[in-house]
Structure formats: C-alpha cells, structure tokens
Engineer: 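Have a look at the structure that comes next, please.
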Amino acid sequence: MAFSTNKSGGPMADINVTPLVDVMLVLLIIFMVTMPIQSIPVDVDLPQKTDKPPENPKEPPDPIRLRIDASGQVFWNDSPAAVGELQKRMMEEVARDPTNQPELQIDTNDQAEYGVLAKVLTAAKNAEMVKIGFVQN
C-alpha cells in the first residue's frame, strides 16, 4: 500500500470512507428487511352483503347526543349526567330494542381529558352498543 505525499513532503494519512459507507448501507438494508413489522390487529365488524332487502324496516330511534365539555362534565341529550350512571342508561336504551338501537353521537371538546372519553367508550362497549359515532358541533 503506497502513501501519497502532501506538499510539505510528509505522508498523507487520509482514510478512504467509501468502503465504510458501503458496509453501513448494506447493514442498514439488512436491518430494515429483517426487522419485523409491528402491527396491531383491530377487529372491525363490517356489514355483510345480502340479496334481499329487510322485510319490515324499522324507523331508527332518535340518536343519543352525548357531549363532553372541557371540564370533563358529561351531558346526555343536553342534561348533565354522571359518568358512573352512563352504562346503566345505555343498557336501558339497548334493552328497549336490541335489533334497532339508537345511535350514540359523541361530541367532545378539544380541551377535554381523554380519560373521560375512554370511560364513556368503555361504558358503551359494556352496554353492547353497536352504533357509535363521533360528531363535531
């Protein structure tokens, strides 16, 4: 291996970084290919196609308007409600007609805490509500 000299006459000791860059790029590609893709499955119940229309279509009941304000107060159809009693109310609504449930329309303030919304969604899941929507007024 020969050293080149600079103008002052001493040996020039520059490192050739091209092979180092090549090796690092190959290692990066290997790690990218071999790294497992982390995915979290989400169960979604999609409606199935049917050839015949429903025989007696029922009129859907009025939706339940659930509003969460910035302080965390929950309003059920514009009247204040405690978070602890929501599941009971939702179960009563589902028990009226399980095949024709009202839609739960949730409107949250941008400043509301996520914990209150999580409790509302848990109550809806435990009450077996299937029609849940997020609205913005």
Side-chain angles (χ1 to χ4, degrees):
M1 176 179 218
F3 288 100
S4 62
T5 59
N6 58 11
K7 294 180 183 178
S8 65
M12 190 158 84
D14 286 336
I15 297 175
N16 188 1
V17 294
T18 304
L20 176 66
V21 171
D22 290 342
V23 169
M24 294 306 290
L25 286 175
V26 168
L27 287 175
L28 178 67
I29 291 171
I30 289 172
F31 284 127
M32 288 172 54
V33 169
T34 59
M35 185 173 132
I37 298 173
Q38 296 179 359
S39 61
I40 300 172
V42 176
D43 295 331
V44 177
D45 295 327
L46 297 175
Q48 302 299 318
K49 179 181 175 186
T50 59
D51 293 332
K52 60 179 184 172
E55 287 141 10
N56 259 343
K58 297 180 182 178
E59 187 68 28
D62 292 333
I64 301 167
R65 294 180 320 276
L66 196 75
R67 184 171 51 92
I68 303 172
D69 66 2
S71 66
Q73 177 66 40
V74 179
F75 294 90
W76 177 284
N77 288 336
D78 297 327
S79 63
V83 177
E85 70 179 30
L86 288 179
Q87 183 173 343
K88 180 182 169 209
R89 282 188 175 188
M90 291 175 187
M91 290 175 82
E92 290 172 357
E93 292 292 330
V94 170
R96 288 184 188 166
D97 188 0
T99 60
N100 193 20
Q101 296 180 9
E103 180 183 5
L104 178 65
Q105 297 178 346
I106 302 173
D107 178 25
T108 61
N109 188 303
D110 293 337
Q111 304 299 320
E113 291 185 21
Y114 178 73
V116 177
L117 177 62
K119 289 177 185 177
V120 168
L121 292 175
T122 302
K125 179 183 177 191
N126 292 339
E128 297 180 0
M129 293 198 81
V130 293
K131 299 178 182 178
I132 301 172
F134 292 95
V135 296
Q136 187 175 14
N137 291 333

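Model, not experiment: these values are computed from the prediction. Computed from heavy atoms alone, side chains included, the values below leave out hydrogens, waters and symmetry copies. Numbers here simply count residues along the sequence, with the first being 1.
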Engineer: Holding to salt bridge (charged side-chain N to carboxylate O under 4.0 Å, His left out), I want the full list of residues that pass it with Asp97, two or more places apart in sequence or in another chain.
Structural biologist: Lys58

Engineer: Check for a donor-acceptor pair, side chain of Gln101 on one end and backbone N or O of Glu128 on the other, with a separation under 3.5 Å.
Structural biologist: yes

Engineer: Give a yes or no on whether Phe134 and Leu86 share a hydrophobic cluster (residues Ile, Leu, Val, Met, Phe, Trp, Tyr; joining criterion: side-chain heavy atoms under 4.5 Å apart).
Structural biologist: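 Shared cluster, yes.
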
Engineer: At their closest point, which heavy atom of Ala127 faces which heavy atom of Met91, and how far apart are they?
Structural biologist: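 Smallest interatomic distance, heavy atoms only, reads CB-CG, 3.6 Å.
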
Engineer: Please determine whether side chain to side chain contact (heavy atoms under 4.5 Å, CB included) holds for the pair Asn100 and Lys131, giving the CA-CA distance in whole Å, both sets of side-chain angles, and the decisive distance to 0.1 Å.
Structural biologist: CA-CA 10 Å; Asn100 193 20; Lys131 299 178 182 178; 4.1 Å; yes

Engineer: Hydrophobic clustering (ILVMFWY, side-chain heavy atoms < 4.5 Å, transitive) - are Trp76 and Leu121 grouped together?
Structural biologist: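 Yes, Leu121 and Trp76 fall within the same hydrophobic cluster.
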
Engineer: Mark yes when over 12 heavy atoms from residues, nucleotides or ligands other than Ile15 sit less than 6.0 Å from its CD1; otherwise mark no.
Structural biologist: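 Atom CD1 in Ile15 is not crowded, with 12 or fewer foreign heavy atoms closer than 6.0 Å.
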
Engineer: Tell me which pairs pass side-chain hydrogen bond (donor to acceptor under 3.5 Å, both in side chains) where either residue lies in residues 18-29, with sequence neighbours left out.
Structural biologist: Asn16-Thr18

Engineer: Please walk me through it: do Met90 and Leu104 pass side chain to side chain contact (heavy atoms under 4.5 Å, CB included)?
Structural biologist: CA-CA 9 Å; Met90 291 175 187; Leu104 178 65; 3.9 Å; yes

Engineer: Which ILVMFWY residues can you reach from Ile30 by hopping between side chains whose heavy atoms are under 4.5 Å apart?
Structural biologist: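 Besides Ile30, the cluster holds Val26.
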
Engineer: Pairs under 3.5 angstrom only: tabulate donor-acceptor contacts from the side chains of residues 60-68 to other protein residues two or more places apart or in another chain.
Structural biologist:
unit_1, atom_1, unit_2, atom_2, d
Arg65, NH2, Asp78, OD2, 3.2

Engineer: On a heavy-atom basis, which atom in Gly72 and which in Val116 lie closest, and how many Å separate them?
Structural biologist: O-CG1, 3.8 Å

Engineer: Who else is in the cluster with Leu25 when I, L, V, M, F, W and Y are joined by side-chain contacts under 4.5 Å?
Structural biologist: Val21

Engineer: What I want to find out is whether Arg89 reaches Glu93 closely enough, with some N-O distance under 4.0 Å, to be called a salt bridge.
Structural biologist: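 Glu93 and Arg89: not salt-bridged.
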
Engineer: Minimum heavy-atom separation for Asn109 and Asp69, please, with both atom names.
Structural biologist: CB-C, 3.8 Å

Engineer: Applying side-chain hydrogen bond (donor to acceptor under 3.5 Å, both in side chains), which residue pairs with at least one partner in residues 110-126 are found, sequence neighbours left out?
Structural biologist: none

Engineer: What is the minimum heavy-atom distance between Pro80 and Gln73, and which atoms define it?
Structural biologist: CB-NE2, 3.5 Å

Engineer: Could you check Ile106 against Val135 for side chain to side chain contact (heavy atoms under 4.5 Å, CB included), going step by step and ending with a plain yes or no?
Structural biologist: CA-CA 6 Å; Ile106 302 173; Val135 296; over 6 Å; no

